[in-house]
Amino acid sequence: EQPLRVAGFDIYPTVSIGAVSTEGGPDAADAAELLRRVELAVEQAKTAGRGGAAAYGRALETDSLSRLAMEADLRNAFVRGEIEPFYQPIVNLITGAVAGFEALARWRHPKRGLVPPDEFLGLADEMGLMNDLGLLMMTQSARQLAEWLHRHPGAGKLFCSVNLSVGEIERANLVEDVARIIAESNLPKGALKLEVTEGDIMRDTAHAAEVLTRLREAGASLALDDFGTGFSSLSYLARLPFDTLKIDRYFVLTMDKDEGSAKIVKSVVNLGRDLSLEVVAEGVENAHLARLLLDANCHYGQGFGYAPALPAQEAEVYLNESLADGTAPIKARSA
Ligand code: C2E
Ligand code: CA
Ligand code: CA
């Protein structure tokens, strides 16, 4: 682990060790089998954190079997239609009316029940399934939104946002797919919103700028997600064609206890408004936070205080109540 000096840089190597015993342990038939086992042990050592060691044992075989089973399960989930969008309302904090929804992926697993994205996105990414997920989410949410707009003309400028994953923005046919999906559902301009994070933009800002511009021309609107958690280069905001800025829930959740968070939320809201962006706060867990956000001049919020991500039918009930309950229909976009 001594640093190596290469081309003027200090490189700090770590070593992971996999061990297999040929004595008293399971018998390996030949050298190839022995190497396979030791590789499994190295893999195990690496997953446990770099710089560790692991010994081969029977348990490693079952781990890799259960991973194989999970992979097969997930692949099938796409074929069998077990993955679907749930919809979390995004609320106009002034009127209480539903302004739109964020589509969040859920896996209805036949045995495990409802699986949240954190538990399958990593695997889906490793398996190269993120583009399929993106297409599925966009297609289904666009259809759903079109239905809602048709059944609830009072909903006005209702939108639905879909998360793009890192790398999706570099996919060859993304713009064409988005244009087709919007056309097929006959959605008004801007009704389908795509959420991207700074991670998407940083890899190749010039290329990202071009794709974002073309997505907008194709009729999508654009949100910068999780603002404040990454590098938050302010130049992205000024240069790229975003409509919406989403303040990460970390700042919102702590704004009642932490003066720093409250100040950050206020400045981000002001920054957004100066750049003519809609600002959406995430993590609005209670009425007190909603109040603080309103005081900070933030007009839109989403969070468990309103509703978690709901299955389509329940989301429609929520929308209906918001329309029926005397609260003003969607207020004009904030000046
Ligand atoms: P995100 O885009 O930041 O989505 C918001 C997450 O915050 C959701 O978690 C939502 O359920 C949760 N949340 C909403 N309100 C509150 C609140 O008041 N308090 C707290 N503590 N949390 C709240 P979820 O659905 O588990 O999604 C997690 C992440 O997975 C998302 O974070 C997004 O990055 C990713 N994701 C979800 N669906 C998709 C998808 O279809 N495609 C891609 N590429 N990523 C997705
Ligand atoms: Ca999001
Ligand atoms: Ca977010």
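Whatever order the structure lists ligands and atoms in, that order sets their numbers, starting from 1. Because the structure is predicted, anything quoted here is derived from the model rather than measured.
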If you have a sec, work out which protein heavy atom is nearest [atom] and how many Å separate them, to one decimal?
atom                    : answer
atom 20 (C) of ligand 1 : Glu285 OE2, 3.3 Å
atom 4 (O) of ligand 1  : Leu104 CD2, 3.6 Å
atom 5 (C) of ligand 1  : Arg249 NH1, 3.7 Å
atom 36 (N) of ligand 1 : Leu121 CD1, 3.7 Å
atom 15 (N) of ligand 1 : Gln88 NE2, 2.9 Å
atom 38 (N) of ligand 1 : Ala105 N, 3.1 Å
atom 29 (C) of ligand 1 : Asp118 OD1, 4.1 Å
atom 34 (O) of ligand 1 : Asn163 OD1, 4.7 Å

Exercise for the section: May I ask you to identify, for Pro117, whether its side chain, its backbone, both or neither come under 4.0 Å of ligand 1 on a heavy-atom basis? Expected result: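 Side chain only.
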Problem - ligand 1 versus Val162: contacting region, heavy-atom distance under 4.0 Å - result: neither
State whether [X] and [Y] are salt-bridged, where the test is any N-O pair (Lys NZ or Arg NE/NH1/NH2 against Asp/Glu carboxylate O) under 4.0 Å.
X      : Y      : result
Glu259 : Lys263 : yes
Glu176 : Arg180 : no
Arg143 : Glu184 : no
Glu71  : Arg75  : no
Glu61  : Arg36  : yes
Arg67  : Glu43  : no
Glu282 : Lys246 : yes

Handout entry: atom 27 (O) of ligand 1 touched by protein (heavy atom, under 4.0 Å)
Key =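 Yes, there is one.
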Exercise for the section: May I ask whether atom 41 (O) of ligand 1 is less than 4.0 Å from at least one protein heavy atom? Expected result: yes
Under 4.0 Å from any heavy atom of [X], which atoms of ligand 1 are there?
X      : answer
Met137 : 41 (O)
Asp225 : 2 (O)
Ser165 : 44 (N)
Glu102 : 2 (O), 4 (O)

Handout entry: Charged tip of Lys193 within 45° of Phe159 ring normal and under 6.0 Å
Key =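 Ring-cation test returns yes.
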Problem - Nitrogen or oxygen atoms of Gln302 and ligand 1 under 3.5 Å apart - result: no
Handout entry: Backbone or side-chain N or O of Glu168 under 3.5 Å from ligand 1 N or O
Key = no
Does a donor on one side chain and an acceptor on the other come within less than 3.5 Å for [X] and [Y]?
X      : Y      : answer
Thr197 : Asp200 : yes
Glu102 : Gln302 : yes
Gln144 : Ser141 : no

Exercise for the section: Measure the shortest side-chain to side-chain distance between Leu222 and Thr244 over non-hydrogen atoms and say whether it is less than 4.5 angstrom. Expected result: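 A side-chain contact under 4.5 Å is absent here.
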Problem - Inter-residue atom distance Lys266.NZ - Cys298.SG, 0.5 Å rounding - result: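 Atom-to-atom, Lys266:NZ and Cys298:SG are 12.0 Å apart.
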Handout entry: From NE2 (His207) to CD (Glu210), nearest 0.5 Å
Key = 6.5 Å
Exercise for the section: Anything under 30° is parallel, anything over 60° is perpendicular, the rest tilted; go ahead and classify Phe120 against Trp107. Expected result: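 Because their plane-to-plane angle is over 60°, the rings of Phe120 and Trp107 count as perpendicular.
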Handout entry: Selection from Thr229, Asp125, Asp226 by shortest heavy-atom distance to atom 3 (O) of ligand 1
Key =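 Closest candidate by heavy-atom distance is Asp226.
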Practice task
Using only N, O or S atoms, tell me which atom of Glu102 is closest to the Ca ion (ligand 2).
Solution key: OE2
Exercise for the section: Have a look around the Ca ion (ligand 3) and list protein N/O/S atoms under 3.0 Å, or say none. Expected result: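 For the Ca ion (ligand 3), the protein N, O and S atoms that sit under 3.0 Å away are Asp225 OD1, Asp226 OD1, Glu282 OE1, Glu282 OE2.
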